[in-house]
Number of protein chains: 2
Amino acid sequence: MKTTKRRALERAGWRTGSADEFLGLKAEETTLVTMRLSLAEKLRGRRTKLGLSQTDLATRLGSSQSRVAKMEAGEADVSLDLLVRAMLNTGASAREVAHAIAAA
Amino acid sequence: MKTTKRRALERAGWRTGSADEFLGLKAEETTLVTMRLSLAEKLRGRRTKLGLSQTDLATRLGSSQSRVAKMEAGEADVSLDLLVRAMLNTGASAREVAHAIAAA
DNA sequence: GCCAAATATGTCACTATCGACATAATCGTC
DNA sequence: GACGATTATGTCGATAGTGACATATTTGGC
């Protein structure tokens, strides 16, 4: 796995204290995490492009700024459901969501 | 919305007692639900193609037969995360998962 | 039409995820 | 370098999703 990708995962708080722990993630888990990060990244892009603050988006979603921050950080306790819901709220189509996911 | 799609949603137990209730779902929620159903359908296809019973797949996932049944029914209390994890477990690629999602 | 295997449905404790809040860190602008 | 606005981080009680189990229903071979 590329170092840049691993760095991204570590930044998001996934258990990667040591290489061994990191490699302890099953391939399917890693893919899932990568999907989350990809969605997170696209979400931030869409939000900023719309000129919205995290607080603005949070309001639209009936959520809170801190949770939006966590979404965009791709933190471990953010569900795919929430990320997808947020993407759709910014006007993304199913195809666009799919594109983000395919990138993983 | 097409009747067939609506029927599929109703079958899966989404609140659709009346047309009004049904239409009460926001477009973004409907899309999310449709994604779930699409993944559910593909999952069943992949499982059967592999010649696995729901119990077999459940074991591989560390889950239970009843939950697999619910996944494949696209029931409301099944998360996207779980569906995607299951898809990946059957050997689906990120691209294949994305394709299912794009269909919504 | 029986039987066994597979699938569906309902329920329940346990846990992960949630919105909310407080607070810290970062960034522009002056 | 102070300020206001934005974003990041940590925590908590509430709730939605989970595996497990019991049981009902469906399916297919005989």
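Reminder, nothing fancy here: chain letters follow the sequence lines and each chain counts from 1.
When atom types are taken as modelled, the side chain of A:D81 and the backbone of B:L80 share a donor-acceptor pair closer than 3.5 angstrom. In terms of modelled atom types and a separation under 3.5 Å, the side chain of A:R36 and the main chain of A:G74 share no donor-acceptor contact.
Pairs passing the salt bridge (Lys or Arg N to Asp or Glu O under 4.0 Å) check and including a residue from residues 57-66 of chain B, sequence neighbours excluded, do not occur.
One can place CD of A:E72 at 11 Å from C1' of D:dA8, the figure rounded to the nearest angstrom.
Partners of B:S64 under the side chain to side chain donor-acceptor pair (under 3.5 Å) rule, at least two apart in sequence or in another chain, are B:S66. Residues meeting the side-chain contact (heavy atoms from CB on, under 4.5 Å) test with A:T90, sequence neighbours left out: A:L43, A:R46, A:L50, A:L57, A:A92. Applying the side-chain contact (heavy atoms from CB on, under 4.5 Å) rule to B:A58 yields the partners B:V68; only residues at least two apart in sequence or on another chain are considered. By the side-chain contact (heavy atoms from CB on, under 4.5 Å) test, B:S53 is found to be paired with B:T55, B:D56, residues two or more places apart in sequence or in another chain being considered.
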Quiz item: What does nucleotides 11-30 of chain C look like as a protein-contact string, B for base, S for sugar-phosphate only, - for none, at under 4.0 angstrom between heavy atoms?
Solution: B-----SBBBB---------
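Of the residues in residues 38-56 of chain B, those with a non-hydrogen atom less than 4.0 angstrom from any atom of DNA chain C are B:R44, B:R47, B:S53, B:Q54.
Over its length, the helix from C:dG1-D:dC30 to C:dC30-D:dG1 turns its helix axis by 60°, as judged from the five terminal pairs at each end, rounded to 10°.
Residues B:E41 and B:S38 have side chains that never bring a donor and an acceptor to within less than 3.5 angstrom of each other. In this model, no donor atom of one side chain and acceptor atom of the other lie less than 3.5 Å apart for A:T31 and A:E28.
None of B:R44, B:R67, B:K42 except one satisfies the salt bridge (charged side-chain N to carboxylate O under 4.0 Å, His left out) rule with B:E72; the exception is B:R44.
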